[in-house]
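Data block below; observations after.
Remember, it's a predicted structure, so these values are computed and weren't measured experimentally.
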Amino acid sequence: MKLVFLQTDILIYCLLLVIGLYIWRARGKAHLAAPWRKVARRPAAMASAMVLLAFVIVGLLDSVHFREPLSNQKPGVTEYSLEIVSLLDKLLTPLRKHNEKTYSAPLATRLFAMETIEQPDGRIARAYPRLQYGGAELGATPKGYARDIGRLTLKGTLLALLLWLALTTALSTWLTQHRNLGWRALWRGEAELPWRAILFTLGVLLWLVCVTWAIAPHYHLLGTDKVGQDVLYQALKSIRTGLVIGTLTTLVMLPFALWLGVMAGYFKGWVDDVIQYIYTTLNSIPGVLLIAAAVLMMQVYMDIHKDAYNSITERADVRLLLLCLILGVTSWTGLCRLLRGETLKLTEMEYVQAAQAFGVSHWKIMSRHILPNVMHIVLITVTLDFSALVLAEAVLAYVGVGVDPTMNSWGNMINSARLELAREPLVWWPLAAAFVFMFALVLAANLFADAVRDAFDPRAE
Amino acid sequence: MIAYLLRRMLYAIPILLGVNVFIFILFFAVNSPDNMARIQLGMKHVTPDAVAKWKHEHGYDRPLFFNGPAPGAGKFTETVFFHKAVPMFAFQFGAADDGRDIGQDIKTRMWPSLVLAVPVFLIGLLVNITFALILAFFRATYIDFGGVVLCVAMMSISGMFYIIGGQFLVSKLLHLVPISGYQGGWDAFKFLVLPVAIGVIGGVGSGTRWYRTIFLEEIGKDYVRTARAKGLAERVVLFRHVLRNALIPILTGAVVVIPTLFMGSLIAESFFGIPGLGSYTIDAIRSQDFAIVHAMVFLGSALYILGLLLTDVAYTLVDPRIRLA
Amino acid sequence: MSALLEVQDLRVWFENRERQTRAVDAVSFSIERGETFALLGESGCGKSVTALSLLRLLPPAARIVSGSVKFKGEDLLALPEIAMRGLRGSSIAMIFQEPMTSLNPVLSVGTQIGEPVAQHRHLSGKQLKRRVLDLLDAVGIPDPMRVMDAYPHQLSGGMKQRVMIAIALACEPALLIADEPTTALDVTIQAQVLELLRELQRKNGMALLFITHDLGVVAEMAHRVGVMYAGEIVEMAARETFFQTPRHPYSQKLFDSVPRLDKRGQALAMIPGSVPRLDSAFTGCRFASRCEFAWQRCRVETPRWTVLENGGARCHLVEQGSSVEPQAPVLTLETRHQAPENGAATLLEVSELTVHFPIRKGFLQRVVGAVKAVDGVSLNIPAGRTVALVGESGCGKTTVGKGLLQLLPLTSGSVRFAGQELTTLPKSQLRPLRGALQIVFQDPFASLDPRMVVADILEEGMRALDVGKSPLERARRIDQLLDEVGLAPESKYRYPHEFSGGQRQRIAIARALAVNPKLIVCDEPTSALDVSVQAQILNLLRGLQATHQLSYLFITHNISVVEYLAHEVAVMYLGRIVEYGPVEAVLSAPKHPYTQALLSAVPLIEKETGREVIRLQGELPSPAQPPNGCHFHPRCPHAMPVCAQRYPGESAFGAGHVARCFLYG
């Protein structure tokens, strides 16, 4: 096995590092830890945090890439497959490999459309052909379908229950020992954290994962698409795309917004004029047009430099990164303006003047006094922007300036499924899958962002 | 006031110039007129003559920004940039890459866009303010809580799902209105009901929640306590005192988008087959038509700046504290 | 006949998920018709909450737990909301502390005054307008026709408070609740408003519940006084009794901690510590931990209310019948006025300091005028002495302070520190001098970075100015500084929000001290603090001056602080110094009419006989368009024709006492 570091992977690791550092710092600082504790006390926030965590785990599994050794090795030399796969792909091998011919409905055993098939006896008939993988164990003429599904569901449910009980017991034992909380207190919601909400969400998530784990290798839980690919697999692979766009974009724009905004507010005068001119100009260009123009140019550029990429995956990845860059460059203006306004207010604060009375340098005043005091705005904006960016990806895909068409993303799923609505009978599952996954992520992110804003905004009670 | 507005209008010139420069750099940093010509003429079998001819016809046969050999001011005027960007300031948009007159296209396509965007804007504003007021009136009750949860859920749904869902439900299952298409005159109504309704519904979540926050912020202020101390009913306090103050940020925030309503809505127009400027833009992006994209960028910027100007004016109209100087 | 208002056993709690705050705990009092009852207390003692609960206007987080509020025999707490609305604004009206935010910014003054009239009197049209004009006239607003159509932002603070009073009076209420109505106003304006309230009360015969923290205002206004401490009323008495023999140790301490001329050279009595938090359960007397007379019983047993003539007190001492004798302050500073006498070396010399802020207008943003915040101020600060800069808000005193520290761009003038001209120094050469000139700000909540621990706050200046060579040395110095300002060494790892206002001000003083200053500009360092805490800070500043030979430029509007602390005083009006001299001379024999008016407007605790408040007409003019000639002439009771033509020159009265007024030549 040979590890491959895609560019977005590296940035994701950087992001993890930044978050890690932040947590490490926040632990010791009361003013950083207190609002987070406030967030942690809200049941809705913690439930959404659990959902987000599930998404993040999938996204991270999908961010460890490698190339597998080829099976037919020459002795002495190890050769690797050109195909880049991730840990998630490895886990989902059955889903990835079980490709049908074309559409099939969720949990189906036959294709969705009638086809002309040659029967074993040579006759030609119109029928729904049997799927190659969906319910393969049931034989050519599926029998006991309902029982099989029921058995698998039960298996998954039991497993989920077992896991959940184990986790709950472990947790309550730990809490009893370290926090002196009995499980009664836990259930009555007397602990500081809303354990009931956390455990309930955990239960639901475990149930979903376990049932999927039980059924997915044997059936296409969410059906297959036009080329017979498993829709569940696509939806799961899309998670990473959504997360990358939602997080890396802000990571890219943050330095711009932060420094330009703080500088404009701190120095005022001509610095302010120049920075205001820049962001008014950028802001005045209609957003989608700006992104579209930039993406088109990126496409031209990548067409000219076709040979720079070893594989489709790498090329798609570079394109994803560039898209994040473009979204970042076009979306920093809002945060910049907020920061400028806040900095204007802060420079009038007496502690800044006290520092000036010591002759502390501008640079130090900005980094020691202004920056830490505007970070709550950054945090609030970042969490609020996340869901907007995930939603924007879908729109961009529709306009034709989204991620690479070969890359799995909810936008691409919607875009290709849109035309299927016109079919009779209706192919609804790819759209529904994209909808459910996107809705779950965005809703969780919105609820979490709400709690973050309430906790960090000094104006909110 | 007049002096202020004049100064703001002059400020638009460097911004629009900046927009033009930016777009030119964006386009020609990786692309060249030769490349454009080849794409437009079809990639294969393009003779240098054909490229030169295309460039001449479309005005790309000059240097981009700086014409060294040209005499005097010609160094700057005899360039693609000057010839393409300067007429924009007179709203002369020139011809698209396929030869059509962009100005004419914009004029005809503007109306369907407006007919869709203006009702969405007005009805949306009204609906959002109404809902926000209701939530503010019932603040800290289960009605408020449920309303906020509903808002968050609604804003977590991609706008495309509203359109797809609406088309499916209303047009395909119930056959109430056509699924897409457009006709002028009164017939437009049946084509517009659904897009307008969806546009409003799609914006209710975020709009209501945002306005509710503004209302609640105002309700916490000292003057509201004064109003209550006068013995006014809660209804009067809300409508006469809170609403007036809350409308200042709400209206001025809304005014900035009024001019950009001309630009139409990209997604809705394209989904519903409405021949407005939004779908025009999308088509241009898909066919990589620089001239149209350039024109739309310029138009959008100009309208945005107009919006900023209108915002300033709106402030002086609704807020007695603000006098422009 | 029963009292107009009878409050029995009122308890109001604030509740949120984390804690329960008992803001008002079993408060009882009553008010007769036509009487003024003053509720006196420091911030956070529950006096405003008491007032709001009478009208049931509490914020949503607050809950009236028990008690009754009988108004004309009717229990207000049992009334349905609709009936309550009928009383608000008609029978009981209220005015609030902040006139700036208490008026609706987008409705005209006339509309806002008309509202309660329309609501309760059902007047409309011409009659309504008539009534509004009458009301504006009644509260002494000049040109009511014009003001009626004005918006609140077009009026000054004093005018806004008059409008608030007009709203409250609209339906001639039987009871007016005034919640710190003059705290946000300048003394001369305060005098006007207090006078107005007294006059209206006399005319209308209404009762007044007056809430304040200012003993002087109580002395001027009240018939009876109730003192609140930590959610309880600890003493109640008629004004005369209260001011002659305060019974409760807390009341006595309040009197002792007011700085005055006759306490000069002594340490002020102070109440150690700060007001206890109200979210904890109390055992014993709430004041016990800060009371010098407390003994074992005070800490265990809650004192009962002891009824005395015309009131009572809540104290074990009073219960036993042994009243404490008001005694002289226990500590006198051993460092009794070591400050050098007149003629000490000049440390800082300011001459013709001018700070103008340009006003730009029109198409090209040309400078069409200037706000003359400071307009030619000259001032000498001798080493080791305190110069007070006194004036009302907007007179430019803070700008002088920041200007001489080079924190603002100066328009012109010179600032010489120890012979070194500061205004022309390049930044790099100015920096080493920064340590010598330091500043302590007014607002202890805005002057400390909330994201830094105390040690970092104190170290910042040392690092910037290279005080203390090694981190270890600096750490030692931090401990020493904290000790010097009376804070525990553990405080250095804590954040500002964990400290009370007084403690924060100590930290701010320590921060300035850290870099070995020669001069500290104190910009209203005690005006955001309660009286008892103010005494702590003033004592600290005096002590530090003695030990470190510090000079202070003490910027304040509080005359009593000046009397107590300053050696010399400069009175500022509209960007210029109108009178300057030794404190004794200026305060006992003020020469300038403005100084005279300012001093006479200060409410005094002891009623002096024959003292007459010189009521100033109108308000401070805008510094963008100061009046011609003497800036003060439009408001001056002695104005002469010449005053409108030229700015007066200096007249000297000996011992460095000078004033600028034509009355003296």
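B:Arg225 approaches C:Leu57 most closely through the heavy-atom pair O-CD1, 4.2 Å. What you find for B:Arg321 and C:Val106 is that their closest heavy atoms are NH2-CG1, 4.3 Å. Pairing each heavy atom of B:Lys230 with each of C:Gln119, the nearest pair is O-CG, 4.5 Å.
Heavy atoms of C:Leu103 lying under 4.5 Å from chain B belong exclusively to its backbone. Both the backbone and the side chain of C:Thr101 come within less than 4.5 Å of a heavy atom in chain B. Residue C:Met100: no heavy atom, backbone or side chain, is found under 4.5 Å from chain B. Using a 4.5 Å cut-off between heavy atoms, B:Ile2 makes no contact with chain C at all. Neither the backbone nor the side chain of C:Gln154 comes within contact range of chain B, judged by heavy atoms closer than 4.5 Å. Interface remark: C:Leu52 contributes side-chain atoms only to the contact with chain B (heavy atom separation under 4.5 Å).
A 6.0 Å sphere centred on CD of C:Gln625 holds no more than 12 heavy atoms belonging to other residues, nucleotides or ligands. Open room surrounds CZ on C:Arg130; 12 or fewer heavy atoms of other groups in view lie less than 6.0 Å from it. Shown here is B:Phe131, whose CZ atom has no more than 12 heavy atoms of other residues, nucleotides or ligands within 6.0 Å. Atom CZ of B:Phe81 has more than 12 heavy atoms from other residues, nucleotides or ligands within 6.0 Å.
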Working note: B:Arg240 + C:Glu115, criterion side-chain contact (heavy atoms from CB on, under 4.5 Å); need CA distance, chi angles, decisive distance, verdict.
CA-CA 10 Å; B:Arg240 194 181 296 156; C:Glu115 261 183 336; 2.6 Å; yes
Pair C:Asn104, B:Thr226 - check side-chain contact (heavy atoms from CB on, under 4.5 Å), show working.
CA-CA 8 Å; C:Asn104 189 332; B:Thr226 309; over 6 Å; no
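When each of C:Pro116, C:Pro105, C:Gly89 is checked for heavy-atom pairs under 4.5 Å with chain B, C:Pro105 comes out on top. When each of B:Arg228, B:Arg8, B:His241 is scored by its heavy-atom pairs under 4.5 Å with chain C, the top score falls to B:His241. By number of non-hydrogen pairs under 4.5 angstrom with chain B, the leading residue of C:Met164, C:Met84, C:Gln112, C:Met94 is C:Gln112. When B:Leu232, B:Leu6, B:Val224, B:Leu10 are compared by the number of non-hydrogen pairs under 4.5 Å with chain C, B:Leu232 comes out ahead. Chain B forms the most heavy-atom pairs under 4.5 Å with one residue out of C:Ser102, C:Cys171, C:Ser108, and that residue is C:Ser102. With chain C as partner, the option from B:Ala233, B:Gly220, B:Ala140 having the largest number of non-hydrogen pairs under 4.5 angstrom is B:Ala233.
The main-chain N or O of B:Pro320 is found under 3.5 Å from a side-chain atom of C:His153 such that the two form a donor-acceptor pair.
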